[in-house]
Amino acid sequence: MTFRPPQSLRRFDLTSNGVNVLEYELMAERADALGHHGLKVEKAIAALNGFDHDRHGPSERERLLDEAADAVWAFFIQREICGLRDARDAVHRYGIPKEVMARLGVVRKR
């Protein structure tokens, strides 16, 4: 009986040709960008959750909501680039409020 590794693992045989090396590097860059966008989402949600109604006005909250929506939107796009289509787990894991989800993809005048 012989053992053959799964084809999904053989796809990244780095010694066979330069195309696989390039594919590996591209995957690493996509994963790094996804992590970077995830950190931006965490910071934006933390700022929104730390908002103090007594010290700041409603315009500040609107600004925080817009920034969080922009960060989440970019994060979801990066997830799709990485092949992760379902965002429900990310919404749950990051605790993204419904207010932010309602603003995704909205283009605002600056």
Side-chain angles (χ1 to χ4, degrees):
M1 181 171 167
T2 61
F3 174 73
R4 190 183 86 191
Q7 294 297 320
S8 63
L9 296 178
R10 291 177 46 106
R11 210 170 86 203
F12 298 109
D13 180 17
L14 300 178
T15 59
S16 63
N17 61 27
V19 175
N20 287 338
V21 173
L22 179 61
E23 180 72 26
Y24 181 82
E25 290 294 322
L26 288 172
M27 284 181 58
E29 288 298 322
R30 286 185 208 120
D32 183 55
L34 183 61
H36 177 72
H37 284 289
L39 289 175
K40 283 185 171 182
V41 169
E42 287 177 356
K43 288 179 183 177
I45 297 300
L48 185 60
N49 289 337
F51 177 74
D52 185 7
H53 292 283
D54 297 333
R55 292 184 3 183
H56 304 288
S59 63
E60 177 67 15
R61 179 159 169 73
E62 289 294 316
R63 186 186 66 76
L64 291 174
L65 281 168
D66 289 343
E67 287 179 5
D70 290 345
V72 170
W73 182 247
F75 176 65
F76 284 173
I77 290 171
Q78 188 62 39
R79 280 178 53 88
E80 286 200 17
I81 290 170
C82 292
L84 304 169
R85 305 282 185 240
D86 190 5
R88 288 179 290 190
D89 62 328
V91 171
H92 178 70
R93 176 168 291 141
Y94 287 94
I96 301 170
K98 291 181 182 178
E99 285 179 295
V100 173
M101 293 298 293
R103 292 173 183 242
L104 293 186
V106 174
V107 178
R108 293 171 291 281
K109 292 183 180 179
R110 301 272 177 183

Could you tell me whether the side chain of Arg79 and the main chain of Arg85 form a donor-acceptor pair under 3.5 Å?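 Between the backbone of Arg85 and the side chain of Arg79 there is no qualifying donor-acceptor contact (under 3.5 Å).
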
[atom1]-[atom2] distance between [X] and [Y], expressed to the nearest 0.5 angstrom:
| X | Y | atom1 | atom2 | value |
| --- | --- | --- | --- | --- |
| Arg93 | Glu42 | CZ | CD | 10.5 Å |
| Glu60 | Leu65 | CD | CG | 10.5 Å |
| Asp32 | His37 | CG | NE2 | 10.0 Å |
| Leu34 | Glu29 | CG | CD | 12.5 Å |
| Ile96 | Phe76 | CD1 | CZ | 4.0 Å |
| Tyr94 | Asp89 | OH | CG | 9.5 Å |

What are the two closest non-hydrogen atoms of [X] and [Y], and how far apart are they?
| X | Y | value |
| --- | --- | --- |
| Leu104 | Ala69 | CD2-O, 3.4 Å |
| Phe75 | Ala90 | CE2-CB, 3.8 Å |
| Ala68 | Ala44 | CA-CB, 3.7 Å |
| Leu48 | Pro97 | CD2-CG, 4.1 Å |

Can you confirm whether [X] sits close enough to [Y] that some side-chain heavy atom of one is under 4.5 Å from a side-chain heavy atom of the other?
| X | Y | value |
| --- | --- | --- |
| Glu62 | Arg103 | yes |
| Arg63 | His56 | no |
| Leu84 | Gln78 | no |

So among Val41, Val91, Ile77, which one has a side chain to side chain contact (heavy atoms under 4.5 Å, CB included) with Val72?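 Answer after filtering Val41, Val91, Ile77: Val41.
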
